[in-house]
Novice: 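Below you'll find the structure I mean.
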Amino acid sequence: MNDTVVLLGRSLRHIARSPDTIITTVLTPIAMMLLFVYVLGGAIRTGTGSYVNYLLPGILIVTVASGISYTAYRLFLDLQSGIFERFQSMPIARSAVLWAHVLTSVVANLISLVVVLLVALIMGFRSGAGVLGWLVVAGILVLFTLALTWLAVIPGLAASSVDGASAFAYPLVFLPFVSSAFVPTGSMPGPVRAFAENQPVTSIVNSLRALFAGQPVGSGIWIALAWCAGILVVAVVFARLAYRRRVG
């Protein structure tokens, strides 16, 4: 645990010295939110009140998907610099290196999520959620960030170039567009609707939207949690295998 804390401090100092990482991560979802609310929002019918209320859960998912590409990027750079070999020669836990990168990603993404949420509040977002609702929202977002971060570890360890390490996140950023994040799935053609309604982003977004509105979430939240937990378990297993293969 102490090894992880020390290495976490090292990674956080790197981010503090280059705040452009978080700024870049935050700018894309904020620009997307501004575009959809003020340019396209008037033409989109969601059957609800404020469009920013409908949109925000999907934007939060995009924020996380954008941010985890830097986890793969930083991990790849550490591998290329030879720092992993130095760590192996030191009396520290081997898992501490990966956990430090993962926890750094969680901290950085939480900062980005808070900034996006503050901008949404300025744009008119309002929530009817109580304290428990907000805690559940935070829990889902942390679990989702952990799952995607461990997923990012795999290309970070296996890629042969910087572009390859970070490019994997592009499909994750666009996945919310084929979900209920921006428009109701009922307006989509049959095959697209079937995919949208049965992919993880839709269940997560719908659960967050209901929690923000203070409405009953039903069984959808268990589907969302199952998706997050399933992705997390599979990603951790393959990330550890990739780590052993790369530095073993």
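Just the heavy atoms: all of them, side chains too, but no hydrogens, waters or symmetry mates, feed the values below. Everything numeric here is computed off the predicted structure, so don't read it as measured data.
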Novice: If we only count heavy atoms from C-beta on, is the Leu151 to Ile68 side-chain gap below 4.5 Å?
Specialist: no
Novice: Does any N or O in the side chain of Thr202 come within less than 3.5 Å of the main-chain N or O of Ala196, such that one atom is a donor and the other an acceptor?
Specialist: yes
Novice: Let me have the donor-acceptor pairs involving side chains of residues 211-230, under 3.5 Å, with sequence neighbours excluded, atom names and distances please.
Specialist:
none

Novice: Can you tell if the side chain of Phe195 reaches within under 4.5 Å of the side chain of Ser179, non-hydrogen atoms only?
Specialist: no
Novice: Report yes or no: does Arg193 contribute a side-chain atom to a donor-acceptor pair with the main-chain N or O of Met188 at less than 3.5 Å?
Specialist: no
Novice: Tell me whether Phe174 at atom CZ has more than 12 heavy atoms from other residues, nucleotides or ligands lying less than 6.0 Å away.
Specialist: no
Novice: I'd like to check Leu118 versus Leu121 (side-chain heavy atoms, cut-off strictly below 4.5 Å). Are they in contact?
Specialist: yes
Novice: Roughly how far, to the nearest 0.5 Å, is the CD1 atom of Ile61 from the CG atom of Leu208?
Specialist: 5.5 Å
Novice: Over all heavy atoms of both residues, which pair between Ser105 and Thr145 is shortest? Give the atoms and the distance, please.
Specialist: O-CG2, 4.4 Å
Novice: Where do Tyr54 and Pro184 come nearest, in terms of heavy atoms and distance?
Specialist: OH-N, 3.1 Å
Novice: Between Glu197 (side chain) and Ser180 (backbone), is there a donor-acceptor pair under 3.5 Å?
Specialist: no
Novice: Can you hop from Ile122 to Met32 via hydrophobic side chains spaced under 4.5 Å?
Specialist: no
Novice: Is it the case that the side chain of Ser187 and the backbone of Val183 share a donor-acceptor pair, with hydrogens and angles ignored and the cut-off at 3.5 Å?
Specialist: no
Novice: Could you grab the distance from atom CE of Met123 to atom CG of Leu56, nearest 0.5 Å is fine?
Specialist: 9.5 Å
Novice: Look up atom CD1 in Ile140 and atom CG in Leu135, then write down how far apart they are to the nearest 0.5 Å.
Specialist: 11.5 Å
Novice: Please answer whether the main-chain N or O of Phe182 pairs with a side-chain N or O of Tyr51 as donor and acceptor at a distance below 3.5 Å.
Specialist: yes
Novice: Look only at the side chain of Arg126 and the backbone of Ser50, and say whether a donor-acceptor pair between them is shorter than 3.5 Å.
Specialist: no
Novice: Considering non-hydrogen atoms only, spot the tightest contact between Ile231 and Ala147 and give its length.
Specialist: CG2-CB, 3.9 Å
Novice: Quick one: are Ser112 and Val115 in side-chain contact, heavy atoms under 4.5 Å?
Specialist: no
Novice: Can you name the nearest heavy-atom pair linking Val201 to Pro176, along with the distance?
Specialist: CG1-CA, 3.9 Å
Novice: What's the shortest heavy-atom distance between Gly67 and Asn109, and which atoms?
Specialist: CA-OD1, 3.5 Å
Novice: Taking C-beta and beyond as the side chain, do Leu117 and Phe125 meet within less than 4.5 Å on heavy atoms?
Specialist: yes
Novice: Please answer: with hydrophobic residues joined when any side-chain heavy atoms are less than 4.5 Å apart, are Ile30 and Val39 in the same cluster?
Specialist: yes
Novice: Drop me the distance from Arg244's CZ to Leu157's CG, to the nearest 0.5 angstrom.
Specialist: 12.0 Å
Novice: State the CG-CG distance between Leu172 and Leu148, to the nearest 0.5 angstrom.
Specialist: 6.0 Å
Novice: Are side-chain heavy atoms of Leu110 and Val114 found at a separation under 4.5 Å?
Specialist: no
